[in-house]
Amino acid sequence: AKLTRKLANVLEGDSMDQDVESPVAIHQPKLPKQARDDLPRHISRDRTKRKIQRYVRKDGKCNVHHGNVRETYRYLTDIFTTLVDLKWRFNLLIFVMVYTVTWLFFGMIWWLIAYIRGDMDHIEDPSWTPCVTNLNGFVSAFLFSIETETTIGYGYRVITDKCPEGIILLLIQSVLGSIVNAFMVGCMFVKISQPKKRAETLVFSTHAVISMRDGKLCLMFRVGDLRNSHIVEASIRAKLIKSKQTSEGEFIPLNQTDINVGYYTGDDRLFLVSPLIISHEINQQSPFWEISKAQLPKEELEIVVILEGMVEATGKMLVFTEGFIAT
């Protein structure tokens with residue numbers, strides 16, 4: 001019994017010494033055996049510490065900001081697209097400002113015509129024929145401008161036939177008012193009907209995986225549509241975003257390489273009534289052919305997937321992007 005107790009004490013002492021001398025245990029993520037054999041242990045920790053800059057965020061928006069743009073006048077050459085691309089708060093502000101400025105501008109001209117003709121001096125004179133009846137100041141001229149451009153026509157302020165300059169101004173304001181209405185209402189309609197929110201019901205898998213399929217090594221991810229209304233003529237394509245250096249020594253940042261997801265077989269044209277698995281075979285034509293399993297977590301690359309199609313309800317073109325990074 002004494003010998004047994006001594007052996008137990010010796011074993012406890014050895015185990016305590018080993019616990020004290022042993023380094024802190026690092027919990028590695030559970031990986032398949034094939035991945036653990038050739039994957040260095042420090043990769044997982046370094047990968048989590050490094051902050052990864054995405055080219056395309058998970059919500060589908062490109063993480064690219066244009067700076068130091070000198071030729072800003074180019075945005076004004078396509079003013080319609082510029083207004084549509086603005087944020088809603090700026091779009092609504094411009095919408096209100098355009099109408100307010102036009103009403104004030106023509107209201108000022110109506111008041112000037114009445115002032116120059118002397119209508120302000122004969123307001124209470126029944127024998128005087130003014131250019132616009134019941135126009136007695138700038139406020140009433142401003143209200144008449146609103147009534148004319150919006151075709152309200154209350155009937156209290158009326159233009160007379162004794163004012164040719166007023167008739168010409170009425171024609172000009174009516175034509176310009178129609179142009180302003182068409183332009184601003186068109187901008188609002190296009191902005192409202194943009195299918196950006198339709199992309200919220202398109203769901204991609206959180207991760208893209210590499211595994212064997214039909215005896216071939218493939219890169220795969222899944223995409224599905226949550227709505228019952230279909231996306232007509234849906235097609236998908238993928239790009240590999242990775243910086244490269246040419247044989248001449250030129251460095252090309254964010255180089256885009258096409259990833260074949262079934263272009264030659266027609267598998268890139270989708271019928272999204274149920275979730276589909278998109279597959280890319282890693283062969284000698286694949287950009288991943290030269291990347292080993294141990295090298296993949298170290299690579300600074302991103303896979304960008306572009307889904308295009310027509311929204312069945314509105315007939316608008318839908319373009320949705322999704323990004324995957326190497327982990």
Side-chain angles (χ1 to χ4, degrees), residues 66 69-198 310-311 313-319:
H66 299 283
V69 179
R70 299 179 180 179
E71 299 178 352
T72 55
Y73 66 90
R74 294 182 180 271
Y75 292 104
L76 298 178
T77 57
D78 188 10
I79 187 65
F80 186 85
T81 306
T82 302
L83 291 176
V84 172
D85 290 340
L86 287 176
K87 294 182 179 180
W88 268 108
R89 53 180 176 267
F90 299 116
N91 206 304
L92 291 175
L93 178 63
I94 293 175
F95 186 85
V96 173
M97 289 299 297
V98 167
Y99 279 106
T100 303
V101 168
T102 54
W103 295 337
L104 286 172
F105 174 75
F106 284 103
M108 178 64 72
I109 297 178
W110 284 114
W111 178 80
L112 285 176
I113 292 176
Y115 180 79
I116 293 172
R117 292 182 78 257
D119 294 342
M120 301 299 176
D121 300 329
H122 301 83
I123 295 177
E124 301 297 335
D125 188 359
S127 62
W128 180 264
T129 303
C131 183
V132 179
T133 58
N134 299 315
L135 194 150
N136 51 18
F138 177 75
V139 177
S140 59
F142 175 68
L143 293 176
F144 179 73
S145 175
I146 296 176
E147 296 171 13
T148 301
E149 190 166 335
T150 57
T151 65
I152 294 176
Y154 289 117
Y156 183 69
R157 298 178 185 87
V158 182
I159 187 173
T160 60
D161 56 354
K162 304 298 182 180
C163 182
E165 60 272 21
I167 296 174
I168 295 175
L169 181 60
L170 178 65
L171 295 175
I172 295 174
Q173 186 175 5
S174 299
V175 174
L176 290 181
S178 299
I179 295 175
V180 170
N181 287 332
F183 187 81
M184 298 308 300
V185 173
C187 286
M188 296 297 292
F189 176 77
V190 171
K191 192 168 183 63
I192 292 173
S193 62
Q194 281 183 332
K196 290 183 178 180
K197 296 301 180 182
R198 178 63 176 88
M310 301 288 291
V311 180
T314 61
K316 297 291 184 178
M317 186 70 180
L318 171 67
V319 180

Would you give the length of the straight line joining atom CG of Asp161 to atom CD1 of Ile167, rounded to the nearest 0.5 angstrom? 6.5 Å
List the atom of Val84, the atom of Lys191, and the distance in Å for their closest heavy-atom pair. O-NZ, 2.9 Å
Shortest non-hydrogen contact between Arg117 and Pro130, atoms and distance: NH1-C, 3.7 Å
Angle between ring planes, Trp128 versus His122, binned at 30° and 60°: parallel, tilted or perpendicular? parallel
Ile168 vs Ile172 side-chain heavy atoms within contact, under 4.5 Å: yes
Evaluate side-chain contact (heavy atoms from CB on, under 4.5 Å) for Leu176 paired with Phe106, printing each intermediate quantity in order. CA-CA 11 Å; Leu176 290 181; Phe106 284 103; 3.7 Å; yes
Least distance between heavy atoms, Gly166 atom then Cys131 atom: CA-SG, 3.9 Å
Would a distance-only check, ignoring hydrogens and angles, find a side-chain to backbone donor-acceptor pair under 3.5 Å from Ser145 to Ala141? no
Please indicate whether Phe105 has more than 12 foreign heavy atoms, meaning atoms of other residues, nucleotides or ligands, lying under 6.0 Å from its CZ. no
Side chains of Ile192 and Trp88, heavy atoms from C-beta outward: is any pair under 4.5 Å? yes
So CD1 of Ile123 and OG of Ser140: to nearest 0.5 Å the spacing works out to 8.0 Å
What's the spacing between Tyr115 OH and Met120 CE if we round to 0.5 Å? 9.5 Å
Which distance, rounded to the nearest 0.5 Å, do you find between the CG of Leu170 and the CH2 of Trp110? 5.0 Å
Tell me if a side-chain donor or acceptor on Thr160 pairs with a main-chain N or O of Val132 at a distance below 3.5 Å. no
Working to the nearest 0.5 angstrom, can you tell me the gap between Asp78 CG and Leu83 CG? 9.5 Å
Thr102 versus Glu149, closest heavy-atom pair with distance: OG1-OE2, 3.4 Å
Take atom OH of Tyr156 as the centre, draw a 6.0 Å sphere, and report whether it contains more than 12 heavy atoms from other residues, nucleotides or ligands. no
Atom pair OG1 (Thr148) and CG (Leu171), whose distance is rounded to the nearest 0.5 Å: 11.0 Å
Are any of the side-chain heavy atoms of Ile113 and Leu169 separated by less than 4.5 Å? yes
Thr150 side chain near Trp103 side chain, heavy-atom distance below 4.5 Å: yes
Side-chain heavy atoms of Phe183 within contact of Ile79, under 4.5 Å: yes
